[in-house]
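Residue numbers begin at 1 in each chain, while the letters A, B, ... track the order of the sequences. All values below were derived from every heavy atom in this structure, side-chain atoms included, with hydrogens, water molecules and symmetry-related copies excluded.
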Amino acid sequence: MVNLVVEHLKYRYPLGNELALEDISFEVKKGEFIGIIGENGSGKSTLCQAIVGLVPNFYKGAYGGKVLVKEIEVAQSDVSEISSYVGIVFQNPFTQITGSKLTVYEEVAFGLENLGIPREEMIKRIEESLKLLRLFEYRHFNPFELSGGQMQRLAIASVIAMKPDILVLDEPTSQLDPQGSEEVFQAIQDLAKNGMTIIIAEHKIEKIASYADKIILLHKGKLVDFDTPEKIFSREDIEEYGIVPPVYTRICKSLNVKNEAGFYPVTLEQVYYELVKVYG
Amino acid sequence: MRYLSLYQEGNSLLHKIDPITKLLFVIIAILVPIIINTLTMALAFFIISTLLVFVARAFKRTLPIISFSSLVIITVLFIQGLFYLKNQTPFFTLGPFVFYKEGLLYATGIAIRIFNIINAVAVLIFTTKPSDLIEALVKKGVSPKIGYVFSSVLQIIPQMMSIVDTILDAQKARGLETEGSFTKRAKAFIPLIGPAVLNSLISTKERAMALEVRGFNSKKKKTFLNEVPYNKYSNVLQVALIAILVFSIIWRIISW
Ligand SMILES: Nc1ncnc2c1ncn2[C@@H]1O[C@H](COP(=O)(O)OP(=O)(O)OP(=O)(O)O)[C@@H](O)[C@H]1O
Ligand SMILES: [Mg+2]
């Protein structure tokens with residue numbers, strides 16, 4: 001089942017000279033894990049914001065094409081209305097804490113209160129999302145007392161509680177230490193296993209290689225390719241887009257180890273699988 | 001966790017009364033003695049609010065405010081006792097100074113009114129969490145945006161102060177003098193302003209988006225996680241308080 005359609009999306013920021021997104025089209029099926037990669041300024045954040053309707057509803061500017069989430073056109077709808085279809089998590093965990101709630105539990109309630117969710121349903125959803133993000137034991141903590149990784153997981157829990165079909169994450173671990181990042185990736189993986197559609201812009205290429213079903217490669221606002229990690233990282237011209245393939249891919253490339261389909265492996269497991277085939 | 005609040009945990013009767021009722025009491029304790037401008041009325045409310053301070057077990061915390069304002073009151077007593085325009089009846093003398101009954105009474109009236117206000121406000125702020133008061137007001141129809149501004153400021157200011165502390169510590173560790181004379185401290189502080197302000201400007205945009213996607217501008221009717229767990233007499237209390245206000249206005253009009 002398709003639950004996100006992007007058709008000929010074009011966008012220019014109000015003060016921008018060039019198109020930040022240029023004729024982007026792709027489709028995402030329910031439960032897919034999609035990575036968005038590209039060098040700095042390639043349009044990853046802009047694309048993430050367009051999927052949730054912040055572009056063009058929060059940032060005005062010139063907009064063309066369509067983004068459909070479950071057949072609803074996001075540009076024509078309120079961002080708050082869209083929030084029960086698609087949610088977004090940003091880089092900085094600090095700025096996503098509302099600051100108006102005194103406990104982790106109440107923080108998750110914030111969005112639900114705004115949407116007018118009945119209290120019993122609210123409690124159910126809060127507890128579910130806190131458990132899913134492994135924050136339940138911290139429910140009485142003040143949000144500002146959490147570590148970076150916990151805070152980012154709280155941001156995710158707060159969005160998940162609004163029951164979106166799609167979760168968009170824009171470099172959610174770029175401001176975290178390795179342990180915090182690991183916690184967050186673990187959490188995202190759990191969500192994916194639960195059937196949530198994940199779209200994540202990320203510079204950490206090995207993470208994308210091992211988690212993503214498909215990757216969107218952006219360059220200067222254009223969609224260069226949309227395919228499996230093996231195909232994307234096996235591209236001869238990949239480095240021209242400012243992307244350094246995962247270390248496993250580079251090793252296999254220099255040893256010319258390919259899988260059956262003719263692409264280089266991108267994760268340790270895949271390398272292992274191929275090597276076992278060769279050396280027994 | 002640091003949070004701008006004077007609230008003190010407790011289980012007094014006043015902790016159990018809902019914030020709106022207490023706020024209503026503060027308003028009435030201030031207004032009624034103004035509407036019915038007699039010393040008796042002022043005294044009556046002073047006695048009530050003082051009793052409530054004790055019931056709230058907030059006397060110890062109110063005392064510093066009372067003592068501080070007493071300094072001002074004593075000056076007023078002196079000035080009015082000596083120089084009040086309607087002074088006629090000498091009350092006592094202190095060296096060359098003659099204190100008059102009229103002036104002293106007048107000053108006492110002022111003192112009673114001020115202490116009444118302090119006590120009434122103290123009852124509210126020492127027994128009510130600011131977040132509860134704000135939420136109660138939002139439930140009564142105050143805009144959630146205004147509510148958000150107040151409740152986030154209460155948390156974000158201490159948050160920013162702790163960031164400044166962290167940076168100051170870091171500077172100290174690098175040998176910069178951050179303590180001592182005012183100029184020294186100012187010199188250490190000024191370089192912080194740029195990054196702190198810039199940082200908060202950048203994060204404002206992201207915070208605005210984060211609020212937006214959590215339905216901050218939603219047109220739906222808001223619901224609340226926290227129910228009002230307060231005691232069932234609060235409606236009766238509120239009606240009684242409003243009745244007192246209405247009666248005092250009527251009284252004032254009749255007796256004009
Ligand atoms: N608010 C804005 N106003 C004008 N132009 C902008 C704005 N935000 C981004 N841009 C421009 O749009 C283009 C795409 O930016 P975007 O932030 O989407 O890139 P990105 O891939 O997320 O980069 P990064 O890896 O640095 O996060 C860039 O050329 C950028 O300069
Ligand atoms: Mg970005």
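Here the side chains of B:Phe216 and A:Thr98 are not in contact, with every heavy-atom distance at 4.5 Å or above. Counting heavy atoms from C-beta outward, A:Leu102 and B:Gln155 have side chains that approach closer than 4.5 Å. Within the 4.5 Å cutoff, the side chain of B:Leu225 has heavy atoms near those of the A:Glu113 side chain. Side chains of B:Asn226 and A:Glu106 form a contact here, defined as non-hydrogen atoms less than 4.5 Å apart. Residues B:Lys219 and A:Asp78 form a side-chain contact, since some pair of their non-hydrogen atoms from C-beta on lies under 4.5 Å apart.
In this structure, the portions of B:Lys222 lying under 4.5 Å from any heavy atom of chain A include both its backbone and its side chain. For A:Leu112, the part sitting under 4.5 Å from any heavy atom of chain B is the backbone (N, CA, C, O) and nothing else. Contacts of A:Val108 with chain B are made by backbone atoms alone, with heavy-atom separations under 4.5 Å and no side-chain atom involved.
Taken to the nearest 0.5 Å, the CD atom of A:Gln96 stands 8.5 Å off from the CZ atom of B:Arg214. With rounding to the nearest 0.5 angstrom, the OG1 atom of A:Thr95 is 10.5 Å from the NZ atom of B:Lys205.
Around the OH atom of A:Tyr85, the shell of radius 6.0 Å holds no more than 12 heavy atoms that belong to other residues, nucleotides or ligands. Counting heavy-atom neighbours within 6.0 Å of A:Lys204 NZ, excluding the residue itself, gives a total above 12. By the 6.0 Å contact criterion, CZ on A:Arg139 is enclosed, its count of non-hydrogen atoms from other residues, nucleotides or ligands being greater than 12. Annotation: A:Gln179, atom CD; neighbour count of heavy atoms from other residues, nucleotides and ligands within 6.0 Å does not exceed 12.
The choice from A:Val86, A:Ile88, A:Ile97, A:Ile117 that makes the most heavy-atom pairs within less than 4.5 Å of chain B is A:Ile117. Each of B:Ala210, B:Gly215, B:Gly147 has some count of heavy-atom pairs under 4.5 Å with chain A, and the biggest count is that of B:Gly215.
Using a 4.5 Å heavy-atom cut-off against chain B, the contacting residues of residues 152-161 of chain A are A:Ser158. Contacts with chain B (heavy atom to heavy atom, under 4.5 Å) involve these residues of residues 43-66 of chain A, listed by number: A:Gln49, A:Leu54, A:Phe58, A:Tyr59.
Residues A:Phe90 and B:Met209 share a closest heavy-atom pair of CZ-CB, 3.7 Å. When every heavy atom of B:Ser151 is checked against every heavy atom of A:Ser100, the shortest pair comes out as OG-CB, 3.4 Å.
Of the possible polar contacts, none joining the B:Ser218 side chain to the A:Ser80 backbone as a donor-acceptor pair under 3.5 Å is found.
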